[in-house]
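Residue numbering restarts at 1 for every chain, and letters A, B, ... go by the order of the sequence lines.
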2 protein chains.
Amino acid sequence: MPGANYFSGSFTHRIDGKGRVSIPARFRALLEEQGDSEMMVIPSYKDGVMEAFPRRVLEGIFERLEEKDPQSEEVEDLATYLFGGANTLSFDKDGRVVLSPELQEAIGVTDQVVFMGRADRFYLLSPERSREVLEAARIRSREKHRGALARSRRAPQVQVTSLPDEDA
Amino acid sequence: MPGANYFSGSFTHRIDGKGRVSIPARFRALLEEQGDSEMMVIPSYKDGVMEAFPRRVLEGIFERLEEKDPQSEEVEDLATYLFGGANTLSFDKDGRVVLSPELQEAIGVTDQVVFMGRADRFYLLSPERSREVLEAARIRSREKHRGALARSRRAPQVQVTSLPDEDA
DNA sequence: CGGGATCACACGGGAATACGTGGTCTCTCA
DNA sequence: TGAGAGACCACGTATTCCCGTGTGATCCCG
């Protein structure tokens with residue numbers, strides 16, 4: 001898969017007795033493409049969810065904010081949050097990372113984790129939580145953005161596009 | 001048909017014991033033209049329907065929205081829905097993808113799938129559902145867009161209206 | 001205009017490979 | 001010396017490759 005730019009898809013993997021999990025091969029490839037054999041993990045503002053980034057992405061987020069407003073309190077807090085709360089998980093030759101007991105507890109997992117792609121990052125969460133998150137996002141997207149998917153760049157002329165959604 | 005820009009037509013293909021299906025040659029050609037040997041599949045708002053895109057189209061949808069309003073909750077949700085709910089199906093040298101059992105269940109298929117072109121994307125659904133969707137669209141088209149086809153000089157009527165399968 | 005040869009494409013199956021998963025062994029550091 | 005981390009290995013299943021076959025479509029030439 002040459003040049004996949006984003007993390008996408010959901011993958012459920014097993015945690016072994018030592019707390020190890022395989023990173024989905026596709027995610028791993030993307031991470032390695034971006035540099036190192038590691039990922040940064042910080043707690044999401046969403047409950048029971050951790051966010052994982054390639055280091056560069058995390059640093060990029062910070063740098064962009066800092067440029068805009070170097071000394072603001074907001075940036076201060078963010079820096080503390082990002083770097084203080086971050087965990088660097090480097091993966092071994094087999095492409096696995098170790099989830100510490102604290103990490104596991106934070107997302108309420110014991111023997112399975114879900115890796116859920118989310119554009120330039122991905123989530124780590126429990127299977128149950130993943131269903132909730134996905135379903136909530138789907139419903140809210142549908143309400144607020146009805147047609148967002150339909151409104152594509154090259155709007156077809158004649159065809160069925162502007163039809164009201166059916167399902168019902 | 002060199003340079004066809006849109007997915008059009010309906011094709012019913014068989015799912016083999018391993019869950020593989022051949023992508024209609026025309027669709028495949030269009031997909032490869034747009035980049036890689038893969039397609040992104042996400043659940044449609046329509047019930048029992050999956051939507052398939054070239055990856056770039058999906059990414060484009062996201063990027064356009066993100067530019068407009070990077071941190072809004074709506075964009076957050078959409079990103080989660082799009083990327084978390086997506087499946088990347090890359091096709092093999094023979095132009096086939098595998099539909100996971102979950103995918104098959106989501107659209108209620110067991111041994112046959114319909115690929116239904118829809119402009120810049122296409123649908124995956126069961127034969128029965130495809131008839132429903134098509135017929136519903138046809139009827140609503142007629143009500144709301146009465147004359148649309150007649151008015152457009154170049155629009156080939158056949159393409160949109162006919163539509164029993166193009167293949168056998 | 002017809003009828004045979006050729007080609008493209010959908011489909012099936014066996015073989016090779018990738019990937020997730022479990023275990024062991026060693027090295028390190030307290 | 002014991003606990004934990006990391007490297008290394010081993011295995012089974014699932015995915016991908018690769019080749020073969022049939023059938024329908026297309027082309028070609030009489």
>> For D47(A), give me all partners under salt bridge (Lys or Arg N to Asp or Glu O under 4.0 Å), at least two apart in sequence or on another chain.
In response: none
> Is a donor on one side and an acceptor on the other found under 3.5 Å between the side chain of S8(B) and the backbone of G117(B)?
Replying inline: no
> If only atom types and distance count, is the side chain of H13(A) paired as donor or acceptor with the main-chain N or O of S22(A) below 3.5 Å?
Replying inline: yes
> With side chains defined as the heavy atoms from C-beta onward, is the minimum distance between V114(A) and Y123(A) less than 4.5 Å?
Replying inline: no
> Is there side-chain contact between M116(A) and L134(A), with at least one heavy-atom pair below 4.5 Å?
Replying inline: yes
>> Determine whether L99(B) and L89(B) satisfy the following criterion, side chain to side chain contact (heavy atoms under 4.5 Å, CB included), listing intermediate values before the conclusion.
In response: CA-CA 8 Å; L99(B) 302 183; L89(B) 308 185; 3.9 Å; yes
> Which letter, B, S or -, goes with each nucleotide of nucleotides 19-30 of chain C from 5' to 3', with contact meaning a protein heavy atom under 4.0 Å?
Replying inline: SSBBBB------
Rounded to whole Å, how long is the line connecting atom [atom1] of [X] with atom [atom2] of [N]?
| X | N | atom1 | atom2 | value |
| --- | --- | --- | --- | --- |
| N87(B) | dT15(D) | CG | C1' | 14 Å |
| F27(B) | dC9(C) | CZ | C1' | 15 Å |
| F91(B) | dC17(D) | CZ | C1' | 16 Å |
| K93(B) | dA16(C) | NZ | C1' | 13 Å |

> Does L125(A) belong to the same Ile/Leu/Val/Met/Phe/Trp/Tyr cluster as V41(A), with side-chain heavy atoms less than 4.5 Å apart forming each link?
Replying inline: no
> Are F7(A) and M40(A) connected, step by step, through hydrophobic side chains (Ile, Leu, Val, Met, Phe, Trp, Tyr) whose heavy atoms are closer than 4.5 Å?
Replying inline: no
Determine all donor-acceptor pairs shorter than 3.5 Å in which one atom belongs to a side chain in residues 48-59 of chain A; sequence neighbours excluded.
| unit_1 | atom_1 | unit_2 | atom_2 | d |
| --- | --- | --- | --- | --- |
| E51(A) | OE1 | R121(A) | NH1 | 3.2 |
| E51(A) | OE2 | S44(A) | OG | 3.2 |
| R55(A) | NE | E38(A) | OE2 | 2.6 |
| R55(A) | NH2 | E38(A) | OE2 | 3.1 |
| R56(A) | NH1 | Q34(A) | O | 3.2 |

> Which residues within residues 115-125 of chain A lie with some heavy atom under 4.0 Å of an atom in DNA chain C?
Replying inline: none
>> For DNA chain C, which residues of residues 100-108 of chain A approach it to below 4.0 angstrom with any heavy atom?
In response: none
> Considering all heavy atoms of both residues, which atom of V21(B) and which atom of R14(B) are nearest to each other, and what is their separation?
Replying inline: CG1-O, 3.3 Å
> Nearest heavy-atom pair of F62(B) and L82(B): which atoms, and what distance?
Replying inline: CB-CD1, 4.3 Å
> Between F115(A) and F11(A), does the ring centre distance come in under 6.0 Å?
Replying inline: no
> What class does the angle between the rings of F83(B) and Y6(A) fall in, given that below 30° is parallel, 30 to 60° is tilted and above 60° is perpendicular?
Replying inline: tilted
> How bent is the helix from dC1(C)-dG30(D) to dA30(C)-dT1(D), comparing axes over its five end pairs at each side, to the nearest 10°?
Replying inline: 30°
